[in-house]
There are 2 protein chains.
Amino acid sequence: MLTAQRQQLIKDELSSQGRVYARDLAQRFGLSEDTLRRDLRKLAAAGICQRVYGGAVAPDAGPLHQRHQHLSDEKQRLAAAAVQLITPGQTILIDAGSTNTAIARALPADMDLTLITNAPDIATIVAGRGDMRLIVLGGVFDPQTGACMGPTTRAEVASLRADLFFLGSCGVSAAQGVTAFDAETAALKQAMHAASDQVVIVATSDKLGTAAPFRVLPAADIATLVIGEDAPGAAALAALGVPCVTAL
Amino acid sequence: MLTAQRQQLIKDELSSQGRVYARDLAQRFGLSEDTLRRDLRKLAAAGICQRVYGGAVAPDAGPLHQRHQHLSDEKQRLAAAAVQLITPGQTILIDAGSTNTAIARALPADMDLTLITNAPDIATIVAGRGDMRLIVLGGVFDPQTGACMGPTTRAEVASLRADLFFLGSCGVSAAQGVTAFDAETAALKQAMHAASDQVVIVATSDKLGTAAPFRVLPAADIATLVIGEDAPGAAALAALGVPCVTAL
DNA sequence: ATTAAACTTGCATAAACGTGCAGAACGTGC
DNA sequence: GCACGTTCTGCACGTTTATGCAAGTTTAAT
């Protein structure tokens, strides 16, 4: 990846998030923190950001901006924790959903990854970077979930395989396991599960302890559950033997 | 390969990807890095790109979601003319390419359209609007063209049909017809042609009169050719009986 | 006050760079 | 055909840039 390109991505994140962490950037780009600190110093010298201990912030952080940042903050932290489960060379299957979009954005650079997704917006995010392969699952686009589904999609999934499957946008509870809002979604997620070695669920606290009508898979099939530190209902899941990773 | 042709390919990649690597280009073209660096310097001197350590980047690369919006006036005018060929209720197949992206943006609202595309960025554009159905063609994403291709994609196309096919990113000439830069691209476009009633080609003037190595279809198979008012080589195509629409 | 993390600075190395030069390919005029 | 100039290309040389590591300093939190 080009140095200029990397610095452009930092600029993008600064303008969209209002802040960046040197440590986080170094991990994502697969470079030393020294290099990223140099980048931040350079951007600060150009007036693009302001250097602070631990990273950098955008010069003009409006009040509304901070609010928006607060809302998405949980997902970003969860995503940062989730991508640490990935090892170089793996094939990653990513479902649709806003949490999974955050994961796609947080994917570390230059790890020779192959990404499979049925969400066009995730495909677009990853399409811009040349450091990973991308396989798109086709099908009928569902505006509700932002994903492609239907028989074509399920057939395509069945002909592929992945090391890690990031399953998203569902209810997760100890008693009911993972559940979905409609039959088609549930069937697709099951097909994705069948094509993957491990299922990872990154759940915001509003998903935990809730259940939808359609059963996807039992809690015991979850390889890793990534949750926030104060997540409700986590104890019940941990009691079932579901491996939990706590973000932050 | 002609020097001008090589530099045109670099331009294409710059506008589609926003960046090029000197080393990568040298390897792909089978030339020394010195030669490619010379090309990049020349393009930079012409203001087409900006030279950076390791390659070059497109001049004004804003935030990710704002990129690709700097479509030229020519493409927007062509797109506006092209979408007038669409009638309500039709199924539209749209290929990848910056001109076709402009067409996707220009699609009229509330016409009960069904859109089929193999370009994730076009899918993302249309995904946001609720007034049309969207079918995404999956496959292996090719960063070069920004499209999904491969056997899966061709098989999916074969199971669908469309009224109009907007074919993009090719050379168009009276003698050679429509041509593509590689075999896979040509094969996919042929499969798309076979699935469609009519082929529409929207060609910017730099594509007219040029030919690439791989033949896609003869000029006689073009249902409608949309071109600018001062397009060179248009007379030769019109002489062959290709119906032409002139934008503005 | 103590400690760990983040930081700056200097240095070493490898990659990318620009320049000058020479040979090859091509067109032009004699 | 032949001399000439132009353009494109690859190679050799010295220079610049990016990066990681080590050493010492500053910052923030306990």
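Proteins come first, then strands; the chains are lettered A, B, ... in the order of their sequence lines, and each starts at number 1.
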* Asked: Does B:Ser32 put a side-chain nitrogen or oxygen below 4.0 Å from OP1 or OP2 of D:dT9?
  -> no

* Residue whose nearest DNA chain C nucleotide is more 5′ - A:Arg38 or B:Gly54 -> A:Arg38

* Distance-only donor-acceptor check, side chains A:Gln27 and A:Tyr21, under 3.5 Å -> no

* Structure fact -> A:Leu25 atom CG is separated from C:dA6 atom C1', nearest whole Å, by 14 Å

* Round to a whole Å and report the spacing from CD of B:Glu33 to C1' of D:dC8. => 18 Å

* To the nearest angstrom, how far is A:Arg37 atom CZ from C:dA6 atom C1'? -> 6 Å

* Can you check the A:Leu2 CG to D:dT19 P distance for me, whole Å? -> 10 Å

* Give a yes or no on whether a donor-acceptor pair under 3.5 Å exists between the nucleobase atoms of C:dC7, that is its base, and the side chain of A:Asp34. => no

* **Carboxylate-amine/guanidinium contact B:Arg77 B:Asp73, below 4.0 Å** => no

* Asked: With a non-hydrogen cut-off below 4.0 angstrom, is A:Arg23 in contact with a base, only sugar-phosphate, or nothing?
  -> sugar-phosphate

* Proximal nucleotide (of C:dA16, D:dT19, C:dC7) relative to the A:Arg6 side chain -> D:dT19

* To do: Report the distance from atom CG of B:Leu40 to atom P of D:dT9, rounded to the nearest whole Å.
  => 13 Å

* Base-pairing mate for C:dC30 - Watson-Crick or G-U, with both contacts under 3.5 Å -> D:dG1

